**Student:** 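So that we are looking at the same thing, I have put the structure below in structure tokens.
Source: prediction; values computed, not measured. The figures here come from the full heavy-atom set of this structure, side chains too, leaving out hydrogens, waters and symmetry mates.
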Amino acid sequence: MGRLKGRGMPSRLGREPSRFGGAPRDERERSQQRDATQPWRAWYKTARWRALRLEILNRDGWLCQKTGVALVGKYPAPNSPVVNHKQAHRGDEVLFWDPDNLEAMSKEYHDSVQQSLERRGLA
């Protein structure tokens, strides 16, 4: 059987608007959408967070509390430091700022193992 060449028939692709509500085109746009829907994300950009983050890294000796890796890398290196919330705060201000709910970990561990555990509801 021969192939249909579609000549004379208008393309139907691109006519319908996305059912997904405007998916972000890149990481910057994705971040902007998340900032708009999750106002607590702005807390990560404050001087108070930066000071608390440094306090936690010093308290934990700049070591990943899960693997023992020295957190000496610069973002986005696998051994760059991340300060993780042990219990997800989901916008709860008390949990967000609680030093006992924070721990130092490597970016590699955070972005793979920790995120996997959180998605499965195990962390």
Side-chain angles (χ1 to χ4, degrees):
M1 176 176 223
R3 293 177 57 195
L4 295 175
K5 298 191 183 201
R7 294 178 193 237
M9 295 180 64
S11 171
R12 294 184 54 188
L13 297 176
R15 286 188 166 200
E16 293 293 320
S18 170
R19 291 179 286 158
F20 300 110
R25 291 184 296 264
D26 57 24
E27 189 59 31
R28 190 181 118 277
E29 191 172 298
R30 178 177 176 266
S31 184
Q32 287 174 337
Q33 284 183 356
R34 290 173 65 201
D35 287 348
T37 60
Q38 301 167 338
W40 50 262
R41 286 176 46 95
W43 297 340
Y44 287 106
K45 297 174 180 136
T46 64
R48 181 179 175 191
W49 170 253
R50 285 190 298 276
L52 179 57
R53 180 180 182 277
L54 186 58
E55 177 185 324
I56 299 306
L57 291 170
N58 286 328
R59 179 197 71 193
D60 292 348
W62 291 81
L63 295 174
C64 176
Q65 298 303 291
K66 300 296 184 181
T67 64
V69 169
L71 303 175
V72 295
K74 183 174 179 176
Y75 179 86
N79 63 344
S80 61
V82 171
V83 173
N84 179 62
H85 289 88
K86 296 175 188 177
Q87 180 182 349
H89 61 83
R90 308 232 190 284
D92 180 329
E93 196 167 357
V94 173
L95 274 178
F96 184 91
W97 297 109
D98 181 7
D100 294 332
N101 189 39
L102 298 170
E103 63 187 336
M105 66 177 51
S106 68
K107 178 173 176 24
E108 180 177 45
Y109 185 90
H110 178 267
D111 292 356
S112 58
V113 178
Q114 187 66 27
Q115 293 293 314
S116 174
L117 292 171
E118 288 177 12
R119 279 191 298 274
R120 292 183 286 158
L122 301 173

**Student:** Look only at the side chain of N101 and the backbone of H85, and say whether a donor-acceptor pair between them is shorter than 3.5 Å.
**Tutor:** no
**Student:** Over all heavy atoms of both residues, which pair between A42 and T46 is shortest? Give the atoms and the distance, please.
**Tutor:**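 For A42 versus T46, the nearest heavy atoms are O-CG2, 3.6 Å.
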**Student:** Rounded at 0.5 Å granularity, tell me how far CG in L95 sits from NZ in K86.
**Tutor:** 12.0 Å
**Student:** Nearest 0.5 Å please: distance from the CG atom of D92 over to the CZ atom of R90.
**Tutor:** 11.5 Å
**Student:** Quick check on the hydrophobic clustering: are L102 and W62 connected, directly or via other members, by side-chain heavy-atom contacts under 4.5 Å?
**Tutor:** yes
**Student:** Kindly assign one of parallel, tilted or perpendicular to the pair H89 and Y44, based on the angle between their ring planes and the thresholds 30° and 60°.
**Tutor:**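 Tilted.
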**Student:** What pair of heavy atoms forms the shortest contact from S106 to P78, and how long is it?
**Tutor:** CB-O, 3.5 Å
**Student:** Could you tell me whether a side-chain N or O of R53 sits under 3.5 Å from a main-chain N or O of V83, the two making a donor and an acceptor?
**Tutor:** no
**Student:** Return the CD to CG distance between Q65 and N84, rounded to the nearest 0.5 Å.
**Tutor:** 11.0 Å
**Student:** Working to the nearest 0.5 Å, report the span between OG of S80 and CG of D111.
**Tutor:** 8.0 Å
**Student:** Would a distance-only check, ignoring hydrogens and angles, find a side-chain to backbone donor-acceptor pair under 3.5 Å from S116 to S112?
**Tutor:**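 No; judged by distance alone, with no hydrogens or angles, the pair does not exist.
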**Student:** How close do K66 and M105 get, counting heavy atoms only, and between which atoms?
**Tutor:**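 Looking at all heavy atoms of both residues, the closest pair is CG-CE, 3.9 Å.
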**Student:** Could you pull out the closest heavy-atom pair between L71 and L63, with the gap in Å?
**Tutor:** CD1-C, 3.8 Å
**Student:** Which atom pair, heavy atoms only, marks the closest approach of A77 to K107?
**Tutor:** O-CB, 3.8 Å
**Student:** Minimum heavy-atom separation for E103 to R59, with atom names?
**Tutor:**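 E103 and R59 have their closest heavy atoms at CA-NH2, 4.1 Å.
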**Student:** So if you build clusters from Ile, Leu, Val, Met, Phe, Trp, Tyr with side-chain heavy-atom gaps below 4.5 Å, do F96 and L54 land together?
**Tutor:**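 Same cluster: F96 reaches L54 through Ile, Leu, Val, Met, Phe, Trp or Tyr contacts under 4.5 Å.
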**Student:** Parallel, tilted or perpendicular: which describes the rings of W43 and W97, with under 30° parallel and over 60° perpendicular?
**Tutor:** tilted
